[in-house]
Every structure is written in structure tokens, then in C-alpha cells.
K.L.:
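Just dropping this structure here.
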Amino acid sequence: MTVAAPLAPPAPPARPRADRLYPTLTPAQLERVAAHGRRRQVAQGEVLQSAGAPATHCFVVVAGRIDGVRPSAAEEIVVSLGPGMFTGEATMLSGRPGLAQIRAEADGEVIEIARDDLLALIQTDGELSAIFMRAFILRRVELIARGVSDVVVLGSTHCQGTLRVREFLTRNGHPHTMLDLDRDPGVQELLDRFHITAADIPVILTCGEVVLRNPTNQQIADALGFNDSIDQTHVRDLVIVGAGPSGLAAAVYGASEGLDVLVVESTAPGGQAGSSSRIENYLGFPTGIAGMDLAARATNQAQKFGAQLMVGTGARRLTCDRNPRALEIGDGQRLSARAVIIATGAEYRRLAIDGLSRFEGAGVYYAATFMEAQLCAGDEVVIVGAGNSAGQAAVFLAGAARRVHMVIRSTGLADTMSRYLIRRIEDHPAIVRHVRTEIVSLEGNGHLERVGWRDNETGRVETHGIRHVFTMTGAVPSTGWLAGCLTLDAKGFIKTGPDLSPEELAAARWPLARAPHLLETSRPGVFAVGDVRAGSLKRVASAVGEGSIAIAAVHQVLHE
Ligand SMILES: Cc1cc2nc3c(=O)[nH]c(=O)nc-3n(C[C@H](O)[C@H](O)[C@H](O)COP(=O)(O)OP(=O)(O)OC[C@H]3O[C@@H](n4cnc5c(N)ncnc54)[C@H](O)[C@@H]3O)c2cc1C
């Protein structure tokens, strides 16, 4: 006799997408919202929020209509909201400037709720939380899909700077339109009109004006007001450095347990995981999840609980010898905190080949996401490496590329590679493995055109007309900026808790009678989690686990 596995109760029928994007609150729900805001009259044509201004309030329509208007063509109405419907999208959670103008289409009445009060409501009312969070997230997805943004990137798909700028915008969830110099007719005219030379590429235009020529990530963040709502002067309970899985987990747990949390991230949330096309071994996602999706969910979750995220600016120095701790960040500002979690992870190892930097982003890539897959559709590609990330990239790119060459220095795929990946690689007709082989040359004019590799057994060198190389050869810890402030192991990873010997603690002048907590470094109140920590497992789940666990010790330190 077979025994059927217990089945989950049937899920309620999914509500239509439009309903979830623009839900209408019931009278009972409206009453609960009204308790957190104030009712007021609005006049036809009144601008409730300008595009590009901080999203400080959400408006719920009681009577009349409210429109969301596209910024670049002032009369294009993105959405029109009637009674029971509410304004706002992801910027309500992040506090960044709104993308659309919000305007009363008719005389009427609204409930106006300040952003902080809305966040408080979302944190306490489970039913409304689901409705608002789902609508805000879906609306951002919709804005990206419809290209509703005031940002145009003028660049070339063969230019490293353009790839970086687009990656920065995409990974920070900011919609933008790309005008490709090599493909879009009429772009040259635009270039001439704005006196743009080749050295200025990529250029970012906002509302038809040149704002930034070949900008840094921080300049983009500043121009688009990504960090405007963040007060850098007050002393936080906790500053987290790095918004990969470990830093985001610490932010979610810290903020949800009432800590005043700021996360500082040099590029965009997601870390290494954000560059993974599909993570299949993370608990609860049986069909896998794209790293960027996981990062976006975690970021929204952290912001829902009130954590703030500063992007485009990295930590440059930690001042160890005073309390509160001080962090120096990219623009020379100082951030003060009573506890610090370092979650800076690791950076990709680079190939030791002359002229490599000329091709980074122009044929040499460190991530294999949907964006890179589009660039090499129908072409041959090379993947360097034999570990899990190389395996994932090979299987993923084999869906788009004509042929995938795995260049492997050792005798085969790594012992650490998951069995399921090994099987898929072995079975895939488009994946070719070249063992005991390494890349010896990269050539091209502006973009990678030829790749040379050497069979280390025979010494034979072959050169192939291949335009895309994905380097997936592991990573080194991002600890250079700590400049001797914390005890590191021989490879530069941060030592914590029981891994710190009495001699190391004495050398670091550990000042307390107690030993360091599990994830605490050689400085009290400074913790290290995830891939940057010596002895960590280098997996998403363990990074998330460590970020969450550290919060318990942060509470203890704050009460010391
Ligand atoms: C392509 C790829 C695929 C992978 N696939 C899987 C998988 O399928 N399953 C799995 O379990 N693991 C996978 N991994 C490993 C997993 O992604 C990592 O273990 C995990 O991301 C580590 O998280 P972390 O938060 O510790 O560090 P990271 O993810 O490295 O994040 C660190 C963050 O800190 C930021 N940062 C660095 N220095 C500074 C500074 N000075 N100031 C401010 N911010 C800074 C970085 O920009 C980064 O966002 C993969 C890794 C890669 C590269």
C-alpha cells in the first residue's frame, strides 16, 4: 500500500494582477489607514508630489481621482486612481525621490499619510502590509518594464563604463532607457547637440539635459538622490558595511528587532549572489531564484522594517580606538555607530594576463546574468573556472550561446561542485571542457576579439575568435580598507570569536574581561559575517545565517 504525502491546503485563487497592482481598500481597511494619516481636500490640478522630489507622503483617494504622470512627457498619465486606491511605489519604502508626478485630476478628498507613519502601519497591520508591499513592489516592476523613468543612458554595449553604469542602475532597481551609439540612428545628432566626445561616454541624461559624463557610481547616486533621505550625522545603533546576503540578513533582523540600522553599500544590494543567474540550493526556493530577485526581496524587507540603505559609496576606514565607532565613507563623511557589522564579502579573482583591464566589461565579465547572456546570444563563450559559480554560468549561458568552452586549470570540475551541476554540464551538448588548460592571451581593438589558451600537458597554444570570457575563479576578501584595524588570517579574512587565540587578543589589546562573542572580531562591538569571515562556508544560506545570528550579540553589546 502506498501512503500519500500530506498535501498543503489548496491555495486561494490568485487575484488578477491589475487588482494587486492597484488594489481598492475596503471601508474597514480605509478606516485603519485613516487612523495613521489626516483627511484633507484637494483641488483639481493640485500637485501632491513632484517627480524627482522625495517621496514623503502616500495618498489614499477618498473622493475624486488622482493621476500619476510620466515626468518626461508631462501629459502622459501612467495611472489614474479612484476612491479606495493609494499612491506610491518602491520609493515609499526606500525614501528615494519619486519617479512620477502625483496630481489631483478632480476636486476631491484624500487621506495623507507621512512615510514614517505608513511604515509603522505596514509593520503592525499584517493584512494592510501584504496589500501595500505587494502593490509597491509590483508597481516598480511595472515602471521598469514600461521604461517610466527620467534617466537615459547614452553609451555603447562595447564600452566597459556603459556596462558598469547600467549594472549600477539595474541592480539598484532604477528604470532607465539605453540609447546605443552603435545601433540607434540619430544618436550622433544628440551627441553633437550636447557637445559630447568619445571620452564622455557613457552619458546620463535626465529630462533631456546632460547631467553626467562618464560618472562614478557615487555621482549617479548623488544626482538621482538615492541617499538624500539619509541623515549621516546621528549615532546609529548599528551600521552594516556591505549589502550582500549576510549584510541584508543582518539589516532585516536588526531593524525588525527595533535597532536603528544603516547599511552602507559601495555598489548595489546583492553582492556576489546578485551576480548569480540562479541560486538553486537556498532553502524555500525549489525551482531556484535569480540572485538579483533575492536581493530585491531582502532589500524591500529590510526597508519595510525601517533599515536605511546608502548605495554607491563604500567604507574607506574604520576608526577602532573610540566609542562610538566611526566609519569613514567614500565622500569623506563619517558615520557613527554603537556597533558595526562588517559584511563586505569577497571580490572576484582576476586573471593574471597583460591588458586584462582593457577588456573588463568589453568582453571579460565577472557575472553571468540575463544582461550578459543577451550580449553573447548565438556566440561562442569561454568560462574560466571549475567551481560552483563556473558550473552555474556554463549551464545558464549554454541556453543562449552557441558553444560554451570551460577552461579548467586542474584535472576536472572541482570536488566542491554540486552533483546536479556536474551532471548537467556532462550531459549538455553545447558545453566543452578543456582540462589542464589556462588562458594565456586576450586580444582585440576596443572589445575582446580573440582568446588564446594553452594545454599545459602538451604545451600547445590555440587562439580562437571568441568575444566573451567569463571569469569565475573564486574570490579574495574585501578587507583592504580595514588597514590593520582587525585581526585577519593569512589570506586576509577576518578572524572572529573562538578563532582568535589569546595571543592574538593580547596583541589587539582586547580590553574586556569577557571573550569575544561568536562572530565578534578582535574589537568589541565590531562583528564580521558571511564570506569576509575566516572559516565561513561561502554559501548564501550560511551568509544569511551568520548575518541573522550576529544581531543577538549586537543586542548584548548595546546593553553592556
Ligand atoms: C556567480 C556566483 C554564483 C553563486 N551561486 C551560489 C549558489 O548558487 N548558492 C550558494 O549558496 N552560493 C552561491 N554563491 C556564493 C554566494 O553568493 C556568497 O557566498 C554570498 O553572496 C556571500 O554573501 P556575503 O554577504 O557574505 O558577501 P558578498 O555577497 O560578497 O557581498 C558583499 C557586499 O559588500 C560590498 N562591499 C565590499 N566592500 C565594501 C566597502 N568597503 N564598503 C561598502 N560595501 C562594500 C560589496 O559591494 C557586496 O555587495 C555564488 C557566488 C557567485 C560569485
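Predicted model, so just to flag it, every value in this text is computed and none were measured. Both ligands and their constituent atoms are indexed starting at 1 by order of listing.
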K.L.:
Which of the atoms in ligand 1, numbered in the order shown and given with their element, are less than 4.0 Å from a heavy-atom of Ala343?
P.N.:
32 (C), 33 (C), 34 (O)

K.L.:
Counting only heavy atoms not in Glu347, do more than 12 sit closer than 6.0 Å to its CD atom?
P.N.:
no

K.L.:
Measure the distance from atom 39 (C) of ligand 1 to every protein heavy atom, then report the residue, atom name and distance (to 0.1 Å) of the closest one.
P.N.:
Thr344 CG2, 3.4 Å

K.L.:
Any N/O of Gly530 closer than 3.5 Å to an N/O of ligand 1?
P.N.:
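No.
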
K.L.:
Counting each atom of ligand 1 from 1 as listed, which ones have a heavy atom of Ile279 under 4.0 Å away?
P.N.:
7 (C), 8 (O), 9 (N)

K.L.:
Considering both backbone and side-chain atoms of Asp531, is one of its nitrogen or oxygen atoms within less than 3.5 Å of a nitrogen or oxygen in ligand 1?
P.N.:
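Yes: some nitrogen or oxygen of Asp531 is under 3.5 Å from one in ligand 1.
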
K.L.:
Identify, for atom 2 (C) of ligand 1, the protein heavy atom at the shortest distance, and state residue, atom and that distance.
P.N.:
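The closest heavy atom on the protein side is Ser389 CB, 3.5 Å.
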
K.L.:
Between Glu265 and Thr267, is there a side-chain donor-acceptor contact under 3.5 Å, judged purely by atom types and distance?
P.N.:
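Judged by distance alone, the side chains do pair up.
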
K.L.:
Give the single entry among Gly314, Ala315, Ala295 that approaches atom 41 (N) of ligand 1 most closely by any heavy atom.
P.N.:
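Ranked by closest heavy atom to atom 41 (N) of ligand 1, first place is Ala315.
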
K.L.:
For atom 36 (N) of ligand 1, what's the nearest protein heavy-atom neighbour? Residue, atom name and distance, please.
P.N.:
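The protein heavy atom lying closest is Ser266 OG, 3.7 Å.
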
K.L.:
Pairs of nitrogen or oxygen atoms closer than 3.5 Å, one from Val241 and one from ligand 1: do any exist?
P.N.:
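In this structure, Val241 places no N or O atom under 3.5 Å from an N or O of ligand 1.
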
K.L.:
Say whether, by atom type as modelled, one donor and one acceptor occur between the side chain of Thr521 and the main chain of Val526 under 3.5 angstrom.
P.N.:
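Confirmed, Thr521 side chain pairs with Val526 backbone.
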
K.L.:
Determine the interplanar angle of the Trp453 and His464 rings, folded into 0 to 90°, and report it as parallel if under 30°, tilted if 30 to 60°, perpendicular if over 60°.
P.N.:
parallel

K.L.:
What atoms of ligand 1 come closer than 4.0 angstrom to any heavy atom of Val264?
P.N.:
43 (C), 44 (N)

K.L.:
Keeping Arg278 on the side-chain end and Thr287 on the backbone end, is there a donor-acceptor pair under 3.5 Å?
P.N.:
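Yes; judged by distance alone, with no hydrogens or angles, the pair exists.
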
K.L.:
Looking at His517, is its backbone amide N or carbonyl O close enough to the side chain of Glu520 to form a donor-acceptor pair, meaning the two atoms are under 3.5 Å apart?
P.N.:
yes

K.L.:
Is it the side chain, the backbone, both or neither of Ala368 that has a heavy atom closer than 4.0 Å to ligand 1?
P.N.:
neither

K.L.:
Just to confirm my output: which protein heavy-atom neighbour is closest to atom 16 (C) of ligand 1, and how far is it?
P.N.:
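Minimum-distance protein heavy atom for atom 16 (C) of ligand 1 reads Val540 CG2, 3.8 Å.
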
K.L.:
One residue to check: Tyr348. Relative to ligand 1, which of side chain, backbone, both or neither has a non-hydrogen atom less than 4.0 Å away?
P.N.:
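Side chain only.
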
K.L.:
Can you figure out which of Arg533, Gln392, Arg278 has its heavy atom closest to atom 7 (C) of ligand 1?
P.N.:
Gln392

K.L.:
Is the side chain of Thr479 donor-acceptor paired with the backbone N or O of Gly492 at a distance under 3.5 Å, no angle test?
P.N.:
yes

K.L.:
Tell me whether the rings of His468 and His447 are parallel (<30°), tilted (30 to 60°) or perpendicular (>60°).
P.N.:
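Correct class here is perpendicular.
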
K.L.:
Asp237 side chain to Leu558 main-chain N or O, any donor-acceptor pair under 3.5 Å?
P.N.:
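Checking the backbone N and O of Leu558 against the side chain of Asp237, no donor-acceptor pair under 3.5 Å is found.
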
K.L.:
Do the side chain of Asp231 and the main chain of Thr233 share a donor and acceptor less than 3.5 angstrom apart?
P.N.:
yes

K.L.:
Among all the protein's non-hydrogen atoms, which is closest to atom 27 (O) of ligand 1, and how far away is it?
P.N.:
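Ranking protein heavy atoms by distance from atom 27 (O) of ligand 1, first comes Gly345 CA, 3.3 Å.
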
K.L.:
Would the distance check show the side chain of Thr437 and the main-chain N or O of Val435 forming a donor-acceptor pair, the cut-off being under 3.5 Å?
P.N.:
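At least one qualifying donor-acceptor pair exists.
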
K.L.:
Contact between Val532 and ligand 1, counting heavy atoms under 4.0 Å?
P.N.:
no

K.L.:
Any side-chain to backbone donor/acceptor pair from Glu328 onto Arg334? Under 3.5 Å, distance only.
P.N.:
no

K.L.:
N/O to N/O below 3.5 Å, does that happen between Ala541 and ligand 1?
P.N.:
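Between Ala541 and ligand 1 (N or O atoms, distance only) the closest approach is not under 3.5 Å.
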
K.L.:
Test your reading of the structure: does Ala346 have an N or O sitting under 3.5 Å from an N or O of ligand 1?
P.N.:
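Yes; the residue has a nitrogen or oxygen that sits under 3.5 Å from a nitrogen or oxygen of the ligand.
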
K.L.:
Quick one: does any side-chain atom of Thr496 pair with a main-chain N or O of Ala528 as donor and acceptor, under 3.5 Å?
P.N.:
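No; zero donor-acceptor contacts below 3.5 Å.
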
K.L.:
Please classify the Arg316 to ligand 1 contact at 4.0 Å (heavy-atom distances, strictly less than): side chain, backbone, both or neither.
P.N.:
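The answer is neither.
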
K.L.:
What protein heavy atom sits nearest atom 47 (O) of ligand 1, and how far away is it?
P.N.:
Glu265 OE2, 2.6 Å

K.L.:
Between Phe527 and Lys495, is there a cation-pi geometry (under 6.0 Å to ring centre, at most 45° from the normal)?
P.N.:
no

K.L.:
Just need the protein heavy atom nearest to atom 34 (O) of ligand 1, so name the residue and atom and give the distance.
P.N.:
Gly242 CA, 3.3 Å

K.L.:
With only distance considered, is Asn281 within less than 3.5 Å of ligand 1 through an N or O on each side?
P.N.:
yes

K.L.:
Please work out, at 4.0 Å between heavy atoms, whether the side chain, the backbone, both, or neither of Ala543 comes within that distance of ligand 1.
P.N.:
side chain

K.L.:
Mark up the atoms of ligand 1 that fall under 4.0 Å of a heavy atom belonging to Trp481, in ascending order.
P.N.:
41 (N)

K.L.:
Judging by distance only, is a nitrogen or oxygen of Gln272 under 3.5 angstrom from one on ligand 1?
P.N.:
yes

K.L.:
One residue to check: Asn388. Relative to ligand 1, which of side chain, backbone, both or neither has a non-hydrogen atom less than 4.0 Å away?
P.N.:
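No part of Asn388 comes within reach of ligand 1.
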
K.L.:
What protein heavy atom sits nearest atom 25 (O) of ligand 1, and how far away is it?
P.N.:
Ser246 OG, 2.7 Å

K.L.:
Looking only at side-chain N and O atoms, does Ser418 offer a donor or acceptor that is under 3.5 Å from a partner on Asn388?
P.N.:
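Yes, a side-chain donor-acceptor pair sits under 3.5 Å.
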
K.L.:
Kindly say whether Thr344 contributes a backbone atom to a donor-acceptor pair with the side chain of Ser478 at under 3.5 angstrom?
P.N.:
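Indeed, once roles are kept as given, a pair shorter than 3.5 Å links the two residues.
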
